[in-house]
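The block underneath contains the structure these notes are about, expressed in structure tokens.
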Amino acid sequence: MDGVNKELEQIFDSFDKNFIFKNKSVLQSNYQPNEILHRKEYINQVASILAPLLRGERPSNLFLYGKTGTGKTLSMLYVMKELMKRVDKIDALKLRIEYLNCKLKKVSDTEYRILAELIKKLGGNVPATGLPTQAVYSQFIELIDSEDQLVVLILDEIDQTVKKISDDFLYNLTRLNQDLSKAQISIVGISNNLTFLDEIDPRVKSSLSEEEIVFPPYNALQLQDILNKRAVSAFKEGVLQEGVIAKCAAYAAREHGDARRAIDLLRVTGEIAERQGSKKILLKHIDEANEKIEKDKIFEIVKSEPKQFQLVLGSIIKLVEDKKGEAIFTGDVYNYYQELCTKNKLEILTQRRVSDIIQEFDMHGLINAVVISKGRGGRTREIKLAMTNQIVKKIKEIIKDSIDCF
DNA sequence: CGAGATTCATGTGAAGTATACCTTTAGGCTTAA
DNA sequence: AAGCCTAAAGGTATACTTCACATGAATCTCGTA
């Protein structure tokens, strides 16, 4: 018994001796800063478009674009918070703002579920299944229309949804106002995909994006500001080696100015420094962190891939290692893959499919596959691994867990 | 020797199929009036 | 009668397969110099 306690004490002790973090949550992705840097202009735009709400008028539908980590959601939520503060002071005004991230797994699947989720947020109740979609619609409308009120629906990552469902859903939403007698509704769509609006029905397009705001990526300097600000409350004083912030910002700026990425990088860097028992965060920790994030991403992909994919990847790795330096081709991979399938008693997919799978790996950046023509030797893909040996080794371990190869 | 035809091994697109997972519907059962 | 549940029926997305055709440079063919 005593032994266990000592062990625990040690763990707690080492936690206590944490030199690095003061408040790590500041660097976690759901953290809401109370001031948003370098987005003032856009926040103002959003605010001025939504301002009519305060007079009880329906604002235009609004559409926000921008790549990931450009502060769209953050800005929107901020404006929403400020608006609500203001509205609370005005008695006569009934305003509801509902935020829904369409990408969340439990929601994203269908029109039905999005509506169900919205209804739940508005205080209604729908069974998880069973009702006709039309019935859910009318319940939704009834719920909104039950009072004299203004409703703003913020639909985040809406492009994800529309890819899965048709744009009828959006069309219906934009026309909701016609079915309402007392209440009025505005829609704010947020999309990561800059070309999203080009892909949807023009009727929807015109009514959904009465106003549009594009959020540009942050540049390296702006990222630095953001990181600096967060670092102050996240880290203990003096733990940052000079240049750490700048380097983090530079890394993220290279990746289309994604602030989320920058913050993640900074956090992971801190975690690595902490784990190594370092008293300061050094530049070299950033490289490790960057690699770790990269690695995690790859592992995530590999792990979530079905067995067939893992077999193909296993075949590729095996062949590349065997043929040191020499390029390998689709045919080789397919042959070896067939062997592996037999060995593992799995069904053999057609070459057509394997070809697609290889292409997918290429898209994920796990391998480099270029289509070449070998003249009379035919056409094929020339395949190379695009990962460091370390990562390959790890992947082999992951694959080995589920499949007998190598 | 060179232009054009041929060839190889596989890429690529379209369309069809199997499967799993949903939604809808309808019928039956329960409940409450 | 209304509400609820469930099983069967109908839909739809996904992951493949099948079929058919496209590719593009090495190689072959054959006419010509």
Side-chain angles (χ1 to χ4, degrees), chain A residues 102-120 124-143 157-173 193 199-201 301-316 319-320 323 326-342 344-364 366-384 386 399 402-403:
Chain A
C102 305
K103 206 170 119 194
L104 293 177
K105 280 256 161 63
K106 55 170 184 175
V107 181
S108 71
D109 287 316
T110 63
E111 189 174 352
Y112 184 98
R113 291 203 187 166
I114 288 179
L115 281 172
E117 199 65 24
L118 282 173
I119 290 175
K120 218 183 286 169
N125 205 355
V126 272
T129 157
L131 292 175
T133 309
Q134 207 47 51
V136 184
Y137 256 111
S138 29
Q139 195 185 341
F140 181 60
I141 290 169
E142 230 170 83
L143 198 58
E157 320 230 16
I158 197 170
D159 43 339
Q160 297 294 321
T161 309
V162 175
K163 238 183 263 163
K164 291 206 156 189
I165 320 169
S166 73
D167 36 17
D168 287 354
F169 171 62
L170 285 181
Y171 184 62
N172 288 337
L173 272 187
N193 183 354
E199 290 162 21
I200 61 177
D201 193 319
I301 294 170
V302 174
K303 258 188 229 163
S304 61
E305 226 65 271
K307 281 197 175 184
Q308 297 287 3
F309 282 58
Q310 299 193 357
L311 272 183
V312 175
L313 189 59
S315 307
I316 293 171
L319 287 175
V320 168
K323 294 203 171 180
E326 260 176 85
I328 61 165
F329 305 106
T330 309
D332 308 338
V333 174
Y334 188 63
N335 289 337
Y336 190 74
Y337 155 81
Q338 279 178 306
E339 270 178 52
L340 282 187
C341 278
T342 329
N344 288 287
K345 302 204 174 88
L346 279 167
E347 273 182 60
I348 300 171
L349 298 181
T350 51
Q351 183 150 343
R352 178 73 186 76
R353 185 84 250 275
V354 172
S355 174
D356 280 349
I357 292 174
I358 290 174
Q359 203 182 13
E360 278 181 53
F361 280 137
D362 182 52
M363 285 202 314
H364 284 315
L366 299 183
I367 61 175
N368 268 317
V370 196
V371 180
I372 55 160
S373 175
K374 290 194 291 176
R376 205 163 186 209
R379 252 156 84 83
T380 185
R381 281 201 175 83
E382 194 181 76
I383 301 164
K384 288 180 200 149
I399 298 179
S402 56
I403 282 160

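Chain identifiers are assigned alphabetically (A, B, ...) following the order of the sequence lines, protein sequences preceding nucleic acid strands; residue numbering begins at 1 within each chain.
A sub-4.0 Å separation between OP1 or OP2 of B:dG11 and a side-chain N or O of A:Ser355 is present. A close approach under 4.0 Å does not occur between any side-chain nitrogen or oxygen of A:Thr350 and OP1 or OP2 of C:dT18.
Formation of a donor-acceptor pair under 3.5 Å by the A:Glu347 side chain with backbone atoms of A:Gln308 is not found in this model.
Atom P of nucleotide C:dA20 and atom CD of A:Gln351 are separated by 18 Å, given to the nearest angstrom. Taking atom CD of residue A:Glu305 and atom C1' of nucleotide C:dA15, one finds them 13 Å apart after rounding to whole Å. Rounded to a whole Å, the CZ atom of A:Phe329 is 22 Å from the P atom of C:dT23. Rounding to whole angstrom units, CD of residue A:Gln308 and P of B:dT19 are separated by 15 Å. The CZ atom of A:Arg381 sits 13 Å away from the C1' atom of B:dA9 (whole-angstrom rounding). One interatomic measurement links the two molecules: CD of A:Glu360 to C1' of C:dC16, which rounds to 12 Å at whole-angstrom precision. Atom P of nucleotide B:dT19 and atom CZ of A:Arg353 are separated by 16 Å, given to the nearest angstrom. Atom-to-atom, CD1 of A:Ile348 to P of C:dT18 comes out at 12 Å; the value is rounded to the nearest Å.
Here salt bridge (charged side-chain N to carboxylate O under 4.0 Å, His left out) pairs that include residues 349-361 of chain A, with residues two or more places apart or in two chains, are A:Arg352-A:Asp356, A:Arg353-A:Glu360. Applying the salt bridge (charged side-chain N to carboxylate O under 4.0 Å, His left out) test to residues at least two apart or on different chains, none of the pairs has a partner in residues 368-383 of chain A. Residue pairs meeting the salt bridge (charged side-chain N to carboxylate O under 4.0 Å, His left out) criterion with at least one partner in residues 331-342 of chain A, sequence neighbours excluded, are A:Lys323-A:Asp332.
With sequence neighbours left out, A:Ile301 forms a side-chain contact (heavy atoms from CB on, under 4.5 Å) with A:Glu305, A:His364, A:Leu366. Here A:Lys303 pairs with A:Ile398 under the side-chain contact (heavy atoms from CB on, under 4.5 Å) rule; sequence neighbours left out. In this view, A:Phe329 satisfies the ring-ring contact (aromatic ring centres under 6.0 Å, His included) rule with no residue, not counting sequence neighbours.
Between atom CG of residue A:Asp362 and atom NZ of residue A:Lys384 there is a gap of 11.5 Å, rounded to the nearest 0.5 Å.
Counting any heavy atom pair closer than 4.0 Å across all strands shown, A:Phe309 reaches sugar-phosphate atoms only and no base atom. Looking at heavy-atom distances under 4.0 Å, A:Ile357 makes no contact with the nucleic acid at all.
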Identify each atom pair where a protein N or O and an N or O of nucleotides 14-16 of chain B are less than 3.5 Å apart, giving names and distance.
none

Report all interatomic pairs (protein N or O, nucleotide N or O of nucleotides 24-27 of chain C) with separations under 3.5 Å.
unit_1 : atom_1 : unit_2   : atom_2 : d
C:dG24 : N2     : A:Gly375 : O      : 2.8
C:dG24 : N3     : A:Ser373 : OG     : 3.4
C:dA25 : O4'    : A:Ser373 : OG     : 3.4
C:dA26 : O4'    : A:Arg376 : N      : 3.1
C:dT27 : O3'    : A:Arg376 : NH1    : 3.3

- Item | Test side chain to side chain contact (heavy atoms under 4.5 Å, CB included) applied to A:Val302 and A:Phe361, step by step | CA-CA 10 Å; A:Val302 174; A:Phe361 280 137; 6.0 Å; no
